[in-house]
Amino acid sequence: MTSSDLEDLCFHINAKISSIKKCILLRNIGEDERRKAALHKIGNEVILIHELLNKMETEVKQQEKLKDLLKKIQNTAERDQKEAQHLLEHIPPYLPKPTQSCIAVPTGKHEEQTKAVEPECAKKPARETKPIKEAALITTEEFESVPAYMKGRLTYDQINAVVQEMNKAMVAKYKILSQPLKSMSVPVRNLYDRFMEEETKDTRGIFFFL
């Protein structure tokens, strides 16, 4: 046994002896009637402190679990970031690269080739759709200007409801007329043919429905 081990053993024995002396002293004090109330109060405080320490220990354990979870999430995010950066810096050369729809040919001796390529690259202009003109709803001022004998036939809300239904019918008709023929079903195609039969030279460019 070395000298350091002997010193540790002596320190441990002395600590035990000191603890025993304190227990004997406290036991003697506990027999004193004047100090029992104080010792009882101290005992209650110790119990409360013990419960508080247990709660703190539980909270510390929860915080440690949360810290470990956040650390795992951080490590995962850093790994994904490194992988994304690696992919960005090492894009395979065989992948298709973004190109313009039409590549301009240098002017000069290739001018004739440019003229030949332009019609192929030019996109067909989108079919312009003429906005459908809807009937405007009447205002309260307009309704008040109607003669009294006519106000009793329809209310303000009823008139605007009729106008809205007319607008719905108008929009539905010209929505069908603007559709490509190939995309139409049989019932829609029948309506289309009927609408076209109603057109005359006097109705060209005018919105109407029957």
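Salt-bridge annotation for Arg194 and Glu198: present, with a side-chain N of the basic residue lying under 4.0 Å from a carboxylate O of the acidic one.
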Test log, rule side chain to side chain contact (heavy atoms under 4.5 Å, CB included), inputs Arg189 and Asp193: CA-CA 6 Å; Arg189 182 59 184 269; Asp193 294 337; 3.4 Å; yes
Working for salt bridge (charged side-chain N to carboxylate O under 4.0 Å, His left out), residues Glu165 and Lys168: CA-CA 5 Å; Glu165 291 300 323; Lys168 288 181 182 179; 3.8 Å; yes
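No more than 12 heavy atoms of other residues, nucleotides or ligands shown are found within 6.0 angstrom of CD on Gln81.
Partners of His50 according to the ring-ring contact (aromatic ring centres under 6.0 Å, His included) rule, which considers only residues two or more places apart in sequence or in another chain, do not exist here.
Note: Lys175 NZ to Ser178 OG = 8.0 Å, rounded to the nearest 0.5 Å. The CG atom of Leu53 sits 8.5 Å away from the CD atom of Glu57 when rounded to the nearest 0.5 Å. Considering OG of Ser185 and OH of Tyr192, their distance stands at 14.0 Å, rounded to 0.5 Å. From Glu45, atom CD reaches atom CG of Leu52 across 11.5 Å, with rounding to the nearest 0.5 Å.
At least one donor-acceptor pair closer than 3.5 Å links the side chain of Tyr156 to the backbone N or O of Ile138. With hydrogens and angles ignored, the 3.5 Å screen pairs no side-chain donor or acceptor of Ser19 with any backbone N or O of Ala15. A donor-acceptor pair is defined here as one N or O able to donate and one able to accept, closer than 3.5 Å; no such pair exists between the side chain of Ser18 and the backbone of Asn14.
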Run the side-chain donor-acceptor check on residues 59-71: report pairs under 3.5 Å with partners two or more places apart or on a different chain.
| from | atom 1 | to | atom 2 | distance (Å) |
| --- | --- | --- | --- | --- |
| Glu59 | OE2 | Gln63 | NE2 | 3.0 |

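The two residues Ile176 and Phe195 have their closest heavy-atom pair at CD1-CE1, 4.1 Å.
Note on Phe11: it does not cluster hydrophobically with Ile17, by side-chain heavy-atom contacts below 4.5 Å among ILVMFWY residues.
Counting heavy atoms from C-beta outward, Met196 and Leu177 have side chains that approach closer than 4.5 Å.
Membership of the apolar cluster around Val163 extends to Leu137, as traced through chained side-chain contacts below 4.5 Å between ILVMFWY residues.
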